[in-house]
Amino acid sequence: MRLILLGPPGAGKGTQSVRLTQKYGIPQLSTGDMLRAAVAAQTPIGMKARAIMDAGGLVPDDIVVGIIAERIAEPDAAAGFILDGFPRTVQQAEALDAILAEKRMGLDAVIELKVDENALQNRIAQRAKDMEAAGQTVRADDNPDAFKKRLDAYRTQTTPVSAHYARTGRLRTVDGMAPIEAVSKAIDGLLSLGVRA
Ligand code: AMP
């Protein structure tokens with residue numbers, strides 16, 4: 001199962017990805033998580049990405065494409081993976097197409113979580129509160145200013161990614177405003193239909 005989850009920040013991609021990894025036994029490949037790990041480890045990539053991420057901008061395509069190409073080549077991704085937060089630009093989507101074509105791999109589904117953008121600000125504020133309550137470190141970019149920039153980046157640079165997959169009839173959408181369980185069911189429904197992207 002090779003799957004892409006699309007949707008703005010706070011749409012629930014991470015939540016659904018975690019559930020799908022358990023259901024299918026395949027890894028969640030989150031470029032956000034990988035970049036945060038690079039920042040924490042102070043690698044050269046992390047040093048480059050940190051300020052961009054904190055401000056809510058997008059890290060350059062060549063960096064994230066390099067990260068994902070390496071990750072997809074790892075043994076645990078051979079049976080499939082869930083891409084969460086990648087691709088975020090059309091250039092990234094085209095690079096992914098090329099990487100997969102070279103490996104003669106296809107995508108089983110590209111699923112977009114559609115959400116009311118006005119509700120996202122509240123979700124992000126809630127996420128910050130929940131993390132704080134759980135004693136976890138709140139993400140540096142889960143604040144109103146950075147969030148506005150992340151949403152802007154999504155609108156201008158990531159919305160065309162949906163069109164990229166829609167053009168080839170590969171895009172499916174799910175109502176991301178529904179309760180988590182209902183969203184999960186809708187995704188399961190699409191996957192059991194054997195959607196082949
Ligand atoms: P996320 O955890 O997916 O919300 O990502 C957090 C931040 O990491 C984003 O706001 C970007 O700064 C950066 N990032 C994650 N994935 C990508 C990507 N595919 N392209 C560019 N920047 C990314």
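By convention here, the first residue in the shown sequence is residue 1. Atoms within each ligand, like the ligands themselves, are counted from 1 in listed order.
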Q: Determine the minimum heavy-atom distance between D141 and A146, stating which atoms define it.
A: O-CB, 3.6 Å
Q. Any idea which heavy atoms bring G7 and Y154 closest together, and the distance?
A.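 Residues G7 and Y154, closest heavy atoms: C-CE1, 3.4 Å.
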Q: Report all protein residues having a heavy-atom distance below 4.0 Å to some atom of ligand 1; order the list by chain, then number.
A: T31, G32, L35, R36, M53, G57, L58, V59, V64, G85, F86, R88, Q92, R139, D141, R150
Q.
Checking L113 against L6 for the side chain to side chain contact (heavy atoms under 4.5 Å, CB included) test, could you report, in this order, the C-alpha distance in whole Å, the side-chain angles of both residues, the deciding distance, and whether it holds?
A. CA-CA 6 Å; L113 301 180; L6 293 176; over 6 Å; no
Q. Pairs in or reaching into residues 6-25: which pass salt bridge (Lys or Arg N to Asp or Glu O under 4.0 Å), with residues at least two apart or in two chains?
A. R19-D188, K23-D188
Q.
Strictly by side chain to side chain donor-acceptor pair (under 3.5 Å), give each pair with a member in residues 118-128 just once, sequence neighbours left out.
A. Q126-D130, R127-D142
Q | Residues that R104 engages under side-chain contact (heavy atoms from CB on, under 4.5 Å), provided they are two or more places apart | A | none
